[in-house]
There are 2 protein chains.
Amino acid sequence: MPDRPVNAPYHHGDLRTAALQLGMERLANQEQPDLGLRALARDLGVSATALYRHFPNKDALLDALALEGLNRLGRHQAEATAKAGGGRDGFAEVGVTYVTWAVENPALLRLIYHRIGQVDLTTDDPTAMGEAFHQLRAGIAAMIPDEMRKDQRAAAALHAWSLVHGLAMLILDGQVEYDPAMVRKVVLMTDFKDS
Amino acid sequence: MPDRPVNAPYHHGDLRTAALQLGMERLANQEQPDLGLRALARDLGVSATALYRHFPNKDALLDALALEGLNRLGRHQAEATAKAGGGRDGFAEVGVTYVTWAVENPALLRLIYHRIGQVDLTTDDPTAMGEAFHQLRAGIAAMIPDEMRKDQRAAAALHAWSLVHGLAMLILDGQVEYDPAMVRKVVLMTDFKDS
DNA sequence: GTCGCAATGTTTATGCTGTTAACATGCCGA
DNA sequence: TCGGCATGTTAACAGCATAAACATTGCGAC
């Protein structure tokens with residue numbers, strides 16, 4: 001029973017792009033990264049299985065969305081790093097930026113970390129996911145003060161990443177209410193010293 | 001078609017307990033907290049819908065499992081706090097303990113934080129989930145050195161919690177490989193100072 | 001220009017899921 | 001002993017991801 005509008009052409013035009021666009025839109029307005037292929041197809045005015053012409057399966061769609069999200073996050077962090085100067089204040093600013101982005105894109109952040117875990121970075125498409133991922137890591141490493149001892153920089157980067165990511169997750173999971181001032185305060189409590 | 005063993009009695013005996021037990025067992029051996037009601041019932045030698053006599057829905061079962069997990073985690077943290085002395089080393093030890101528990105119980109940790117977010121702590125069963133939760137928070141607050149200024153203690157507790165939780169999540173999500181020495185090093189980088 | 005093929009979309013079907021309703025069984029107290 | 005309530009079963013529904021077979025269309029080669 002084709003209850004599709006009579007004017008709608010048989011071919012959509014650019015279903016893949018439209019799907020990713022609507023998918024991102026959805027993720028931007030949801031708390032959890034719950035996407036249904038059927039529901040998505042329905043709202044695209046297309047049959048339930050049409051998306052399989054563009055993605056081998058649901059995970060591939062989610063991976064594409066996660067990749068886009070990862071790129072946005074990486075870009076966002078790079079900008080923040082560039083804008084903020086060095087020193088403790090700059091460090092805090094970049095950290096706050098990470099948390100803020102997470103709060104504003106909860107479903108996307110969750111999807112990114114959820115999907116990344118499933119991907120074998122050694123074999124799967126090293127140009128896309130791995131690249132964007134490296135970009136994020138670099139942005140985080142850039143938070144670390146220059147005067148840090150070299151052999152401590154890796155640990156310091158991990159420390160910073162853990163701190164902001166954990167804080168973000170606690171907020172997203174409803175454990176802690178979002179309070180920019182508190183976020184800044186917490187991030188500022190980190191004062192690296194060689195031990 | 002009743003393909004259930006002929007000797008099996010019509011009544012199970014204590015299906016609720018058995019379900020929780022098998023559920024916990026499952027969670028202990030999985031990476032992701034994926035439980036299927038039907039699969040669970042099948043392995044309990046019971047019909048697909050039998051569990052609905054003991055839980056109103058799937059979420060209720062998951063909540064019960066999350067509650068049990070939360071109690072275990074809280075107890076674990078309390079023990080670690082008691083065993084470790086104060087000072088930086090004690091702090092680090094308790095932090096490492098949190099991460100270790102998370103690594104050993106990935107699905108359970110995920111379930112806990114996932115479920116807790118859905119629960120309205122003000123209305124839902126304040127005796128159970130909220131209680132166990134408060135217990136965990138207390139264990140974390142106990143990590144904070146005594147000489148800390150009072151108005152900084154809340155921020156310090158949040159800092160500590162964020163750090164270990166974030167580190168745990170990064171490891172569970174496959175971003176960072178688990179290395180106890182590295183974990184200890186990262187946790188030790190936190191040196192609280194009044195700012 | 002038209003013919004054919006590859007790309008794209010649709011229908012239909014399969015087996016999974018959570019959940020509800022109606023029915024069956026058996027334990028326990030009056 | 002008997003009746004009711006707790007517990008379990010069967011059947012059914014809607015929704016999901018996915019696969020196979022079929023339909024339509026646009027585009028490039030002749």
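Keep in mind the model is a prediction, meaning the values are calculated, not measured. Reminder, nothing fancy here: chain letters follow the sequence lines and each chain counts from 1.
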Hey, does B:L35 reach any base, or is it just sugar-phosphate, or nothing, if we go heavy atoms under 4.0 Å? sugar-phosphate
Does atom CD of B:Q32 have more than 12 heavy-atom neighbours, drawn from other residues, nucleotides or ligands, at distances under 6.0 Å? yes
Rounding to an integer number of Å, can you tell me how far B:R38 CZ sits from C:dT19 P? 11 Å
For DNA chain D, whose closest nucleotide is more 5', that of A:A39 or that of A:P56? A:A39
To the nearest angstrom, how far is B:Y52 atom OH from D:dA6 atom C1'? 19 Å
5' precedence on DNA chain D between A:T49 and A:R42 (nearest-nucleotide basis): A:R42
Given atom CG of A:D59 and atom C1' of D:dC16, what is their separation to the nearest angstrom? 14 Å
Below 4.0 Å: OP1/OP2 of D:dA6 and any side-chain N or O of B:H54: no
Between atom CG in A:L44 and atom P in C:dT10, what is the gap in whole Å? 11 Å
Distance-only donor-acceptor test, A:R53 side-chain atoms vs C:dG9 base atoms, 3.5 Å: yes
Give the C-alpha distance, both sets of side-chain angles, the deciding distance and a yes or no for salt bridge (charged side-chain N to carboxylate O under 4.0 Å, His left out) between B:E79 and B:R75. CA-CA 6 Å; B:E79 283 173 20; B:R75 242 178 288 136; over 6 Å; no
Drop me the distance from B:L70's CG to B:I116's CD1, to the nearest 0.5 angstrom. 4.5 Å
Would you please test B:L65 and B:M24 for side chain to side chain contact (heavy atoms under 4.5 Å, CB included) and show each step? CA-CA 7 Å; B:L65 290 171; B:M24 287 299 285; 3.7 Å; yes
Can you tell me how far P of D:dA17 sits from CG of A:N57, to the nearest Å? 11 Å
D:dT7 P sits how many Å from B:F55 CZ, rounded? 12 Å
B:L40 CG to C:dT19 C1', in whole Å, measures 16 Å
Please state whether the base of C:dT11 and the side chain of A:S47 form at least one donor-acceptor pair under 3.5 Å? no
Measure the distance from CG on A:L51 to C1' on D:dC16 and round it to the nearest whole Å. 14 Å
What nucleotide among D:dT18, C:dG18, D:dT9 has an atom nearest to a side-chain atom of B:V46? D:dT9
Classify the ring geometry between B:Y98 and B:H165 as parallel (under 30°), tilted (30 to 60°) or perpendicular (over 60°). perpendicular
Look at the side chain of A:A50 and decide which nucleotide, out of C:dT10, C:dT17, D:dT18, has an atom nearest to it. C:dT10
